[in-house]
Amino acid sequence: MLDSAIKDLKSFAEKFSLDNKKILMLFSGGKDSSLALYLLNEAGLEVSALTFFHRWSWKETLNWAMKFTKRLGVKHYLVDVTDGLLREATGRKGPVCINCKKVMLWNAKWFALNNGFDVLAKGDNANDKIIGALLDQCEGDIRLCDIPRMGVPFFRPLIKYTAEDVEALAEEVGIKPYRMYEHARRRQWREGCPLQYIDREEIVTERLMDLAYRVNYEVSKIARRRKVRVSVRVPSFEIMCWNCDEEMLSEVRQIIERFR
């Protein structure tokens, strides 16, 4: 399956002249973006990685991402978006993710244009929601979208692969990203950052962002040890957990009490 995916990517790149373009991969360090980066590199394309982080990002996943790009021999750019996120998110209702994505997309566009990149790449797979998004404006093959509003085309090498296909390919490559054992918003591994656990109707403040990070970082230590996925919403302190037993819940409640 891996050889076929690389062969298909090479053929696509030649057809659309991507083999002589500079590609910038939006790289979170998750399984999808890691696999996409690996495939682009294996296909012999000129690809670099761009990772956005902020004050509340998981340091462990960032460290794993840096080790992965070093292993591939791929140039890796890190951009701190803390200030932009604070400007966009504070004073508004959650979820913070909407504002964060806006900041990251804007920064990605200008980073690419100012540093000589021709194409932006994302790790979206066929299970990711694309209806109503900018990338729905694609004409022809949805893997490559030339969006006038962005000024730089988007390449999604995994968009025709299902989440199950991605899992199988990542397994074949041996891609095993660092897990914080977050509950996440879907049963599939879809970790991100602790700011997604600010209650939806809350007005976002810097204090709440700090609280979301601190509580969930402590909870993640228990989650990793027990290999159970758990997160805590703030300020409601609602516990979200897959397959927690009463002992696990008791440990999480003890942590919560420290932050009330």
Inset, instruction - List the steps, then state whether salt bridge (Lys or Arg N to Asp or Glu O under 4.0 Å) holds for R258 with E218. - result: CA-CA 10 Å; R258 289 158 42 189; E218 293 302 316; 3.7 Å; yes
Inset, instruction - Check A5 against L39 and note the closest heavy-atom contact, atom names and distance. - result: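 Heavy-atom minimum between the residues: CB-CD2, 4.4 Å.
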Legend entry - Heavy-atom closest pair, residues A89 and V204: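 Here A89 and V204 meet closest at O-CB, 3.5 Å.
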Would a hydrophobic clustering, with Ile, Leu, Val, Met, Phe, Trp and Tyr connected at side-chain separations under 4.5 Å, put [X] with [Y]?
{"X": "L62", "Y": "F68", "result": "no"}
{"X": "Y178", "Y": "V166", "result": "yes"}
{"X": "F259", "Y": "L249", "result": "yes"}

Output a table of donor-acceptor pairs, distance under 3.5 Å, between side-chain atoms of residues 209-217 and any protein atom two or more places apart or on a different chain; print 'none' if there are none.
{"unit_1": "D210", "atom_1": "OD1", "unit_2": "R55", "atom_2": "NH2", "d": "2.9"}
{"unit_1": "D210", "atom_1": "OD1", "unit_2": "W56", "atom_2": "NE1", "d": "2.7"}
{"unit_1": "D210", "atom_1": "OD2", "unit_2": "R55", "atom_2": "NH2", "d": "3.4"}
{"unit_1": "N216", "atom_1": "OD1", "unit_2": "V232", "atom_2": "N", "d": "2.8"}
{"unit_1": "N216", "atom_1": "ND2", "unit_2": "A212", "atom_2": "O", "d": "2.9"}
{"unit_1": "N216", "atom_1": "ND2", "unit_2": "V232", "atom_2": "O", "d": "3.1"}
{"unit_1": "Y217", "atom_1": "OH", "unit_2": "E60", "atom_2": "OE2", "d": "2.5"}

Are side-chain N/O atoms of [X] and [Y] paired as donor and acceptor at under 3.5 Å?
{"X": "R156", "Y": "Y161", "value": "no"}
{"X": "S33", "Y": "S28", "value": "yes"}
{"X": "T51", "Y": "H76", "value": "yes"}

To the nearest 0.5 Å, what is the distance between [atom1] ([X]) and [atom2] ([Y])?
{"X": "L35", "Y": "E42", "atom1": "CG", "atom2": "CD", "result": "11.0 Å"}
{"X": "L169", "Y": "K31", "atom1": "CG", "atom2": "NZ", "result": "11.0 Å"}
{"X": "E251", "Y": "D245", "atom1": "CD", "atom2": "CG", "result": "9.0 Å"}
{"X": "E247", "Y": "S250", "atom1": "CD", "atom2": "OG", "result": "8.0 Å"}
{"X": "K67", "Y": "K70", "atom1": "NZ", "atom2": "NZ", "result": "9.5 Å"}
{"X": "K93", "Y": "I203", "atom1": "NZ", "atom2": "CD1", "result": "6.0 Å"}

Legend entry - Inter- and intrachain pairs under salt bridge (charged side-chain N to carboxylate O under 4.0 Å, His left out), touching residues 3-20, at least two apart: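 Checked against salt bridge (charged side-chain N to carboxylate O under 4.0 Å, His left out) - neighbours excluded - the pairs reaching residues 3-20 are D8-R143.
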Is any side-chain heavy atom of [Y] closer than 4.5 Å to one of [X]?
{"X": "M66", "Y": "L78", "value": "yes"}
{"X": "F154", "Y": "L105", "value": "yes"}
{"X": "P177", "Y": "T61", "value": "no"}
{"X": "F117", "Y": "V47", "value": "no"}
{"X": "F53", "Y": "V79", "value": "no"}
{"X": "L37", "Y": "N41", "value": "no"}
{"X": "E202", "Y": "P235", "value": "yes"}
{"X": "I23", "Y": "E46", "value": "no"}

Legend entry - Stepwise side chain to side chain donor-acceptor pair (under 3.5 Å) test for Y38 and R71: CA-CA 10 Å; Y38 176 88; R71 187 185 106 195; over 6 Å; no
Inset, instruction - Using the side-chain contact (heavy atoms from CB on, under 4.5 Å) rule, take D32 and F27 through it: C-alpha gap first, then chi angles, then the decisive distance, then the call. - result: CA-CA 9 Å; D32 290 1; F27 178 55; over 6 Å; no
Legend entry - Salt bridge present between D118 and K22 (N-O < 4.0 angstrom):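 Answer for the salt bridge query: no.
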Inset, instruction - Decide if atom CZ of R225 counts as having more than 12 heavy atoms of other residues, nucleotides or ligands within a radius under 6.0 Å. - result: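 Yes - once you tally the heavy atoms of other residues, nucleotides and ligands closer than 6.0 Å, there are more than 12.
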Inset, instruction - Give a yes or no on whether E171 atom CD has more than 12 heavy-atom contacts from other residues, nucleotides or ligands under 6.0 Å away. - result: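 12 or below, so no.
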Inset, instruction - Output all residues satisfying disulfide (SG to SG under 2.5 Å) with C244, sequence neighbours left out; order by chain, then residue number. - result: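 Only C241 meet the disulfide (SG to SG under 2.5 Å) criterion with C244.
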Legend entry - I198/V234 under side-chain contact (heavy atoms from CB on, under 4.5 Å): CA gap, chis, key distance, verdict: CA-CA 5 Å; I198 294 175; V234 296; 4.2 Å; yes
Inset, instruction - Could I get the full list of side chain to side chain contact (heavy atoms under 4.5 Å, CB included) partners for P157, not counting sequence neighbours? - result: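 Testing P157 for side chain to side chain contact (heavy atoms under 4.5 Å, CB included), a comparison that skips the adjacent residues, returns L9, A36, L40, F155.
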Inset, instruction - Can you run down the ring-ring contact (aromatic ring centres under 6.0 Å, His included) pairs that involve residues 80-107, sequence neighbours left out, and say none if there aren't any? - result: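 Of all non-adjacent pairs touching residues 80-107, those that pass ring-ring contact (aromatic ring centres under 6.0 Å, His included) are W106-W110.
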Legend entry - Residue list, side-chain hydrogen bond (donor to acceptor under 3.5 Å, both in side chains) with S236, at least two apart or on another chain: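 Scan of S236 (side-chain hydrogen bond (donor to acceptor under 3.5 Å, both in side chains), adjacent residues dropped) gives D199.
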Legend entry - Among E182, R233, E238, the one residue meeting side-chain hydrogen bond (donor to acceptor under 3.5 Å, both in side chains) with Y197: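 Passing option: E182.
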Inset, instruction - Please confirm whether R226 makes a cation-pi placement over Y181, using NZ or CZ under 6.0 Å from the six-membered ring centre and within 45° of the ring normal. - result: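 No - R226 does not lie over the ring of Y181 by the 6.0 Å and 45° rule.
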